[in-house]
**Student:** 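Can you read through this structure? Questions will come right after.
The analysis underlying the following values was restricted to heavy atoms, covering all of them including side chains, and did not include hydrogens, waters or symmetry mates.
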Amino acid sequence: MWAAALCTLYATVAVRRHALLRTTGYDLGIFEQAVRAYAQLRAPVVPLRGEGFNLLGDHFHPLVAVLAPFYRIWPSPLCLLLAQSALLALAVVPLARWAARALGRRSAHVIAAGYGLSWGVASAAAFDFHEVALAVPLLAFALEALARRRWNQAVACAAPLLLIKEDLGLTLAAVGGYIALKGPRKLGLVTIAAGLLGSLVEIKLLLPAFNPGGGYAHGGNLAAGYGSLLSTLAHAPLDVLRPDIKPMTLVMVFAPSAMLALRSPLSLIAVPTLTWRMLSENGFHWGTAFHYSAILMPVVFAGLIDALSRWRGETHPLATRHVRASLATVLAVTFVLLPSFPLAQLAQRATWRTTPHIEAARALLARIPDGATVAASNRLIPQLTSRCTVVVFPTFPVDSELYRYDRNRLPPPTAEWIVHDREAPEAWPYKVGHWPYPIEQQEAELAAAERHGYERVARRDGITLLHRAP
């Protein structure tokens, strides 16, 4: 029941955001192009990332292909959004089942509400589609298996993490570390080795092999060293805590459990993800927006259940009161944080209102025929990716690379159609403003396109539609 209710909740937020043009080409459009290719039994070549760009050269996530049969039946971005909603909701099943067994049915409802309404899951559910949605239920089932000391089952559930994202091999290694600590040491050590070796092979061999540039696309996010390994290690604790947003995020990650998850050794499974995020040079990794914390929420609530289970078995007269007070605190924190994150959008009037701007966008997009090639503004891309070949405007690909051209000598676009929206979109999770360039630069490229032979088909409410005959 909780899984069904949460799936409905997440899907409502995601679908309404898509209907209001709040989804983006980066990343919903990118993943739809990849899944569309899988559904057509092709390699996941994504025009949004550049001509001939194989998305397995960006992040290593071949398991995304399991969505291809569903997309073949229903070729729509909504297929991916509903799949993500179902996957995120599914993780509540092992967590609530474990909580019911260890703490009682009433406590299980609190755990289910805490996980389901947690900010980390909400932020992922409301921001396009991402491969990490596949990892969330797998890790939740693995954590339940660890609690029941079913070690082989835990490894079987966690092993597919290697096929979801290259850093999740480190999370698999952390699961192995817990098994080595609490269960059969040999199995734990083998799991550690498999996780570390898997991530190493993916980052050093597989990703460069698929990437057109021949390297690891996100290697630039790694923090620069300090001249020597010893110095780098010495500075690492400070790098994790600077700037201030990093310690705030570390607190926020465990806040949904009222910080009680820190009492459980299961919380160590969150360390690999938190470490690479805090040491990254990409500021998006440091905060609470986007999808990066979804994988941490099952770990946090598994740690909470584990910590409270120990009190449940105590004979101390205050043990039961302590468990109840802890769960009440979890609920209180959940509802205090709820208005600051995307699920609260369902209570906003704007979420249920279709503006004239949205109607204008739909009318102009309907004039683009199926199968056309289109360069579109970021927020318009997911409206087209199921039926057209789309690149992003104004950073249309040039020689298989984005951004690499002289701003003063703009090359001619290659798409048949260009659709550009000059209105600053609803911003979450981005800062308010235009992406990827200021509006002045975008309009300069739009004017340059007209000089390259594009004809203005229509302009309505700030949205411009251009076409060039073949």
**Student:** To the nearest 0.5 Å, what is the distance between CG (Leu143) and CG (Leu95)?
**Tutor:**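 Output value for this atom pair is 7.0 Å.
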**Student:** Run the ring pair (Phe, Tyr, Trp, His ring centres under 6.0 Å) test against Phe301 and tell me which residues pass, sequence neighbours left out.
**Tutor:**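 Scan of Phe301 (ring pair (Phe, Tyr, Trp, His ring centres under 6.0 Å), adjacent residues dropped) gives none.
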**Student:** Between CE of Met297 and OG of Ser123, what distance do you get to the nearest 0.5 Å?
**Tutor:**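 Going from the CE atom of Met297 to the OG atom of Ser123 covers 9.0 Å.
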**Student:** Assert yes or no for the condition that the ring centre distance of Phe53 to Phe210 is strictly below 6.0 Å.
**Tutor:**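 Ring-ring flag for Phe53/Phe210: false, centres at least 6.0 Å apart.
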**Student:** So, taking the atom named CG in Leu262 and the one named OG in Ser257, what distance separates them when rounded to the nearest 0.5 Å?
**Tutor:**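 The distance works out to 6.5 Å.
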**Student:** Looking at residues at least two apart in the chain, or sitting in another chain, which of them share a salt bridge (Lys or Arg N to Asp or Glu O under 4.0 Å) with Asp27?
**Tutor:**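 Asp27 satisfies salt bridge (Lys or Arg N to Asp or Glu O under 4.0 Å) with no other residue.
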**Student:** Under the rule for ring pair (Phe, Tyr, Trp, His ring centres under 6.0 Å), what residues qualify as partners of Tyr292, not counting sequence neighbours?
**Tutor:**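 With sequence neighbours excluded, Tyr292 shows a ring pair (Phe, Tyr, Trp, His ring centres under 6.0 Å) to His285, given in chain and number order.
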**Student:** Over all heavy atoms of both residues, which pair between Arg263 and Ala307 is shortest? Give the atoms and the distance, please.
**Tutor:**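 Closest approach of Arg263 to Ala307: CB-CB, 4.0 Å.
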**Student:** For residues Pro256 and Leu304, determine if any side-chain heavy atom of one lies less than 4.5 Å from a side-chain heavy atom of the other.
**Tutor:**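 The answer is no, as the side chains (C-beta and beyond) never meet within the 4.5 Å cut-off.
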**Student:** Could you tell me whether a side-chain N or O of Gln33 sits under 3.5 Å from a main-chain N or O of Thr385, the two making a donor and an acceptor?
**Tutor:**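 Not confirmed, Gln33 side chain does not pair with Thr385 backbone.
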**Student:** Between Val392 and Trp435, is there a side-chain heavy-atom distance shorter than 4.5 Å?
**Tutor:**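 Yes, side chains in contact.
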**Student:** Surrounding CZ of Phe70 (heavy atoms of other residues, nucleotides or ligands, distance under 6.0 Å), is the total greater than 12?
**Tutor:**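 Not more than 12 within 6.0 Å, no.
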**Student:** Could you tell me whether the side chain of Val136 reaches within less than 4.5 Å of the side chain of Leu87, counting heavy atoms only?
**Tutor:**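 SC-SC contact between Leu87 and Val136 ruled out.
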**Student:** Looking only at non-hydrogen atoms, find the nearest pair between Pro137 and Leu90 and report the distance.
**Tutor:**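 Closest heavy-atom pair between Pro137 and Leu90: CB-CD2, 4.0 Å.
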**Student:** With heavy-atom distances below 4.5 Å as the criterion, would you say the side chains of Phe254 and Leu260 are in contact?
**Tutor:**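 Not in contact.
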**Student:** Checking Arg277 side chain against Lys246 main chain: does a donor-acceptor pair fall under 3.5 Å?
**Tutor:**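 No.
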**Student:** Considering all heavy atoms of both residues, which atom of Ile269 and which atom of Leu139 are nearest to each other, and what is their separation?
**Tutor:**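 Distance-wise, the nearest heavy atoms are CG2-CD1, 4.5 Å.
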**Student:** Listed by chain and number, what are the salt bridge (Lys or Arg N to Asp or Glu O under 4.0 Å) partners of Arg422, not counting sequence neighbours?
**Tutor:**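 In terms of salt bridge (Lys or Arg N to Asp or Glu O under 4.0 Å), with neighbours along the sequence ignored, Arg422 is linked to Glu443.
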**Student:** Got a second to check how far Glu131's CD is from Leu168's CG, nearest 0.5 Å?
**Tutor:**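 Nearest 0.5 Å value for the CD-CG distance: 8.0 Å.
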**Student:** Output yes when a side-chain donor or acceptor of Arg150 lies under 3.5 Å from a complementary backbone atom of Ala145, and no otherwise.
**Tutor:**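 Flag not set: sc Arg150 to bb Ala145 has no pair under 3.5 Å.
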**Student:** Measure from the side-chain N and O atoms of Ser264 to the backbone N and O of Ala261, and report whether any donor-acceptor pair falls under 3.5 Å.
**Tutor:**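 No; zero donor-acceptor contacts below 3.5 Å.
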**Student:** What do the steps show when you test Tyr26 against Tyr430 for ring pair (Phe, Tyr, Trp, His ring centres under 6.0 Å), and what is the final call?
**Tutor:** CA-CA 12 Å; Tyr26 278 57; Tyr430 297 102; 9.7 Å; no
**Student:** Any chance you could measure Leu365, atom CG, to Ile381, atom CD1, to the nearest 0.5 Å?
**Tutor:**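 Going from CG on Leu365 over to CD1 on Ile381, the span is 11.0 Å.
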**Student:** Looking only at non-hydrogen atoms, find the nearest pair between Pro44 and Ala34 and report the distance.
**Tutor:**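 Scanning both residues completely, I find the closest heavy atoms to be CB-CB, 4.0 Å.
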**Student:** Taking the inter-plane angle between the rings of His61 and Phe31 on a 0 to 90° scale, is it parallel (under 30°), tilted (30 to 60°) or perpendicular (over 60°)?
**Tutor:**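 Ring orientation of His61 relative to Phe31: tilted.
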**Student:** For residues 324-343, please give each side-chain donor-acceptor pair under 3.5 Å, one per line with the distance, not counting sequence neighbours.
**Tutor:**
from   : atom 1 : to     : atom 2 : distance (Å)
Ser326 : OG     : His322 : O      : 2.8
Thr329 : OG1    : Ala325 : O      : 2.8
Thr334 : OG1    : Val330 : O      : 2.8

**Student:** Nearest heavy-atom pair of Ala154 and Leu146: which atoms, and what distance?
**Tutor:**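 For Ala154 and Leu146, the tightest heavy-atom pair comes out as CB-CD2, 3.5 Å.
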**Student:** When you look at Leu163 and Val64, which way does the side-chain contact (heavy atoms from CB on, under 4.5 Å) test go after all the steps?
**Tutor:** CA-CA 9 Å; Leu163 303 178; Val64 169; over 6 Å; no
**Student:** Between side-chain atoms of residues 190-204 and protein atoms elsewhere (two or more places apart, or another chain), which donor-acceptor pairs fall under 3.5 Å?
**Tutor:**
from   : atom 1 : to     : atom 2 : distance (Å)
Thr191 : OG1    : Leu187 : O      : 2.8
Ser199 : OG     : Glu166 : O      : 2.6
Ser199 : OG     : Gly169 : N      : 3.3

**Student:** Applying side-chain hydrogen bond (donor to acceptor under 3.5 Å, both in side chains), which residue pairs with at least one partner in residues 354-363 are found, sequence neighbours left out?
**Tutor:**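 Of all non-adjacent pairs touching residues 354-363, those that pass side-chain hydrogen bond (donor to acceptor under 3.5 Å, both in side chains) are His357-Asp421, His357-Glu423, His357-Asp461.
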**Student:** Which pairs of donor and acceptor atoms, one on a side chain in residues 12-21, lie under 3.5 Å apart (sequence neighbours left out)?
**Tutor:**
from  : atom 1 : to     : atom 2 : distance (Å)
Thr12 : OG1    : Thr8   : O      : 2.6
Arg16 : NE     : Thr351 : O      : 2.9
Arg16 : NH2    : Thr351 : O      : 2.9
Arg17 : NE     : Ala126 : O      : 2.7
Arg17 : NH1    : Gln345 : OE1    : 3.3
Arg17 : NH2    : Trp428 : O      : 3.1
His18 : ND1    : Thr23  : OG1    : 2.9

**Student:** Check whether any side-chain heavy atom of Phe393 sits under 4.5 Å from a side-chain heavy atom of Asn378, and report yes or no.
**Tutor:**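 No; the side chains remain at least 4.5 Å from each other.
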**Student:** Let me check something: any side-chain donor-acceptor pairs from residues 173-185 under 3.5 Å, sequence neighbours excluded? List them with distances.
**Tutor:**
none

**Student:** Indicate yes or no: at least one non-hydrogen side-chain atom of Leu274 is less than 4.5 angstrom from one of Val253.
**Tutor:**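 The answer is yes; the side chains approach within 4.5 Å.
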**Student:** For residues Leu172 and Ala158, report the shortest heavy-atom separation together with the two atoms involved.
**Tutor:**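 Taking Leu172 first and Ala158 second, the nearest heavy atoms are CD1-CB, 3.7 Å.
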**Student:** Test Val132 against Lys165 for side-chain contact (heavy atoms from CB on, under 4.5 Å), laying out the working first.
**Tutor:** CA-CA 7 Å; Val132 73; Lys165 198 160 174 272; 5.6 Å; no
**Student:** Any side-chain hydrogen bond (donor to acceptor under 3.5 Å, both in side chains) pairs touching residues 102-119, not counting sequence neighbours?
**Tutor:**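 For residues 102-119, and leaving out neighbouring residues, the side-chain hydrogen bond (donor to acceptor under 3.5 Å, both in side chains) pairs sorted by first residue read Trp2-His109.
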**Student:** Rounded to the nearest 0.5 Å, what's the gap from CG on Leu266 to CD1 on Ile305? Could you check?
**Tutor:**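 It comes to 9.5 Å.
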**Student:** Mind jotting down which residue pairs meet the side-chain hydrogen bond (donor to acceptor under 3.5 Å, both in side chains) criterion with at least one end in residues 87-98? Sequence neighbours excluded, please.
**Tutor:**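 Passing the test, one end in residues 87-98: Arg97-Glu144.
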**Student:** Which is it for Thr288 and Ser293 under the side-chain contact (heavy atoms from CB on, under 4.5 Å) test, yes or no, and what are the steps along the way?
**Tutor:** CA-CA 7 Å; Thr288 55; Ser293 297; 5.8 Å; no
**Student:** One pair to check against side-chain hydrogen bond (donor to acceptor under 3.5 Å, both in side chains): His218 and Asp58. What are the steps and the verdict?
**Tutor:** CA-CA 8 Å; His218 299 277; Asp58 181 39; 2.7 Å; yes
**Student:** List the atom pairs, donor and acceptor, that lie under 3.5 Å between side-chain atoms in residues 71-85 and the rest of the protein, sequence neighbours left out.
**Tutor:**
from  : atom 1 : to     : atom 2 : distance (Å)
Tyr71 : OH     : Glu32  : OE2    : 2.6
Arg72 : NH1    : Ala39  : O      : 2.7
Ser76 : OG     : Leu78  : N      : 3.0
Gln84 : OE1    : His130 : N      : 3.0
Gln84 : NE2    : Ala124 : O      : 3.2
Gln84 : NE2    : Asp128 : O      : 2.6
Ser85 : OG     : Ala11  : N      : 3.3
Ser85 : OG     : Leu81  : O      : 2.9

**Student:** Just by distance, no angles: are the side chains of Trp276 and Asp167 close enough, under 3.5 Å, to form a donor-acceptor pair?
**Tutor:**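 Checked: Trp276/Asp167 side chains pair up, N/O donor to acceptor below 3.5 Å.
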**Student:** Decide side-chain contact (heavy atoms from CB on, under 4.5 Å) for Leu346 and Leu9; before the verdict, give the C-alpha distance in whole Å, the side-chain angles of both, and the deciding distance to 0.1 Å.
**Tutor:** CA-CA 9 Å; Leu346 292 179; Leu9 179 65; 3.3 Å; yes
**Student:** Mind checking whether Val300 and Ser267 have side chains closer than 4.5 Å, heavy atoms only?
**Tutor:**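 Sidechains of Ser267 and Val300: no contact.
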